[in-house]
Every structure is written in C-alpha cells, then in structure tokens.
Amino acid sequence: ILECNLVSGFHLARDAAVAMKANGWGRIVFVSSIMGRIARPTLSAYVASKGGVDALVRSLAVELAPHGITVLGVAPGFVATERNKELFSESSFRDAIHRRTPMGRYGTEAEIAHAVRFLCSDEASFITGQVLAVDGRCQQAGRFDEQERPQTLAAAEHAVAHGREQPLGPGGLARLR
C-alpha cells in the first residue's frame, strides 16, 4: 500500500518535474483521501500512505514553486466506483455513509475529476501545497455512532478478507469489537 500510494507518486512527480522545470510551468495533482486526515480501524497502512501523500504535496509545493510548478492534492471522501460497488450496494454501509455525510450521499468519480481539472487550470495558478477535500464534508461530521460500528467493522473485515488491508497483528479485528 505504501509503495503504491506514496512511493510511486513520489517517483512519478520527481520524473515529471524534470520536464516541467525545463518548461518553467507545471501542475502536479496527487489523489489522496480523507483517510489521510482521519483514522479508521484496520486501515493503518492506507491511512499512513495517504497522510504521507498529503505531506509530500506540501513539501514538493515548496520545492517546485520557484520553477512555476504547483503541487496539489484532492482528498476524496466516500465515492462509489466500479471497484467498490459491492461495498456500496450493502444498504447498511450505504445508509451509514449517507447519515455521516452532511450532503446525505456519497460522491461521484466526475466530481473528483472536476476538482482535479480546476486545480490544473489557470484559475488555480496561485494555489499550491493544498489538499482539497472533496467529501461532502463527511470528515468534519463526527465519528460513526455506536449503532453504525458493526457495519463499519464489517466493512473493515471485508477489506482484510479481500487483501486490501492487513489486520492489526494477533487478534487484529477482534480487538476492535
């Protein structure tokens, strides 16, 4: 997870910056996650990787600004995609997300793309080192309440079962119950 989300992005940005420096202009936009700002059970590697992306955005922005290059990020909240459609089809999970998100829904891939397009535009030329949350304000809406804990725990177990996250050592998920 760290290699995919953080290290590969660092290498890609470093390589792209070479050509951008030569042109005296460029835009680098990373895809982070609201999980880089908050924590969830069993997602420690993912949270760390996205928190690292947020720090990389800030650091590269300072490093590359003198060359006319802006470095930004978007931090999607809960977005229904082809990859996670099974999870979002579970009514208990979907309803918990809708209750937790002040806008009462999850985001779309198009909404994330529109944010990236704006950050790459001339209208965003004086913005750098920022990670824009595109999350319907769910990260500020508080924690899942105790009634939702079983559903979020089930989602975490689903992620572990499908190899998207590692349990927290011996007894991993059991310690979360």
Side-chain angles (χ1 to χ4, degrees), residues 1-40 42-88 93-94 97-98 100-141 155 159 162-166:
I1 289 178
L2 290 169
E3 184 70 32
C4 178
N5 291 342
L6 179 59
V7 176
S8 62
F10 168 76
H11 290 297
L12 195 65
R14 182 189 60 194
D15 293 347
V18 172
M20 292 177 183
K21 285 179 183 179
N23 292 331
W25 185 94
R27 301 284 188 266
I28 298 173
V29 180
F30 286 88
V31 178
S32 183
S33 168
I34 62 166
M35 294 301 166
R37 301 173 185 189
I38 60 177
R40 300 292 303 142
T42 77
L43 297 176
S44 57
Y46 183 77
V47 169
S49 72
K50 294 303 185 172
V53 167
D54 293 354
L56 185 59
V57 165
R58 292 188 303 272
S59 181
L60 287 176
V62 173
E63 181 180 331
L64 298 174
H67 303 281
I69 302 167
T70 63
V71 182
L72 299 148
V74 292
F78 294 96
V79 177
T81 66
E82 185 64 30
R83 182 175 175 181
N84 65 20
K85 70 181 178 183
E86 181 182 320
L87 182 61
F88 277 92
F93 180 79
R94 184 181 58 247
I97 298 306
H98 289 183
R100 188 176 191 278
T101 305
M103 293 190 80
R105 63 181 180 83
Y106 41 83
T108 67
E109 293 171 311
E111 289 168 320
I112 306 308
H114 294 311
V116 171
R117 184 177 61 205
F118 167 70
L119 294 175
C120 291
S121 73
D122 288 338
E123 287 81 13
S125 64
F126 198 60
I127 304 170
T128 194
Q130 302 298 313
V131 178
L132 176 65
V134 185
D135 69 346
R137 206 57 183 154
C138 74
Q139 68 175 308
Q140 297 298 318
H162 288 84
R164 291 194 299 268
E165 185 59 53
Q166 298 298 314

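Side chains are part of it too, since the values below use all heavy atoms of this structure and drop only hydrogens, waters and symmetry mates. Just so it is clear, the model here is predicted, and its values are computed rather than measured.
Taking the side chain as every heavy atom from C-beta outward, V71 and F30 approach each other to under 4.5 Å. Contact check for L119 versus R27: no side-chain heavy atoms found under the 4.5 Å cut-off. Taking 4.5 Å as the limit, some side-chain heavy atom of V29 sits within range of a side-chain heavy atom of C120.
Note that the CZ atom of R100 and the CG atom of D135 stand 9.0 Å from one another [nearest 0.5 Å]. With values rounded to the nearest 0.5 angstrom, S32 atom OG is found 10.0 Å from L56 atom CG.
Aromatic ring pairs are classed by plane angle as parallel below 30°, tilted from 30° to 60° and perpendicular above 60°; the pair F93 and F78 is perpendicular.
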E63/R58 under salt bridge (charged side-chain N to carboxylate O under 4.0 Å, His left out): CA gap, chis, key distance, verdict: CA-CA 9 Å; E63 181 180 331; R58 292 188 303 272; over 6 Å; no
Side chain to side chain contact (heavy atoms under 4.5 Å, CB included) between I69 and K21, worked out: CA-CA 7 Å; I69 302 167; K21 285 179 183 179; 4.0 Å; yes
Please test V131 against V74 for side chain to side chain contact (heavy atoms under 4.5 Å, CB included), starting from the C-alpha separation and ending with a verdict. CA-CA 5 Å; V131 178; V74 292; over 6 Å; no
Give the C-alpha distance, both sets of side-chain angles, the deciding distance and a yes or no for side chain to side chain contact (heavy atoms under 4.5 Å, CB included) between V79 and T108. CA-CA 5 Å; V79 177; T108 67; 5.5 Å; no
In sequence, state the C-alpha distance, the side-chain angles, and the governing distance for F126 and T70, and then conclude on side chain to side chain contact (heavy atoms under 4.5 Å, CB included). CA-CA 8 Å; F126 198 60; T70 63; over 6 Å; no
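Scanning both residues, A115 and L132, for their nearest heavy atoms gives CB-CD2, 4.1 Å. Minimum interatomic distance between P102 and G136 (heavy atoms only, all atoms of both residues): CD-O, 3.2 Å. Looking at every heavy atom in both residues, S49 comes nearest to I1 through OG-CG2, 3.6 Å. When all heavy atoms are compared, the tightest approach of L2 to A48 is CD2-C, 4.2 Å.
A donor-acceptor pair under 3.5 Å links the side-chain atoms of S121 to the main chain of E123, judged by distance alone. Under the 3.5 Å distance criterion, the side-chain polar atoms of N23 are left unmatched by any main-chain donor or acceptor of M20. Side chain of S8 to main chain of C4: a donor-acceptor pair is present (N/O by atom type, distance under 3.5 Å, no hydrogens or angles). Remark: the backbone N or O of Y106 is not paired with any side-chain donor or acceptor of T101 at under 3.5 angstrom. Within the 3.5 Å criterion, the main-chain N or O of L6 finds no donor-acceptor partner in the side chain of K50.
Each of L60, V116, I127 was compared with L72 under the side-chain contact (heavy atoms from CB on, under 4.5 Å) criterion, and only I127 meets it.
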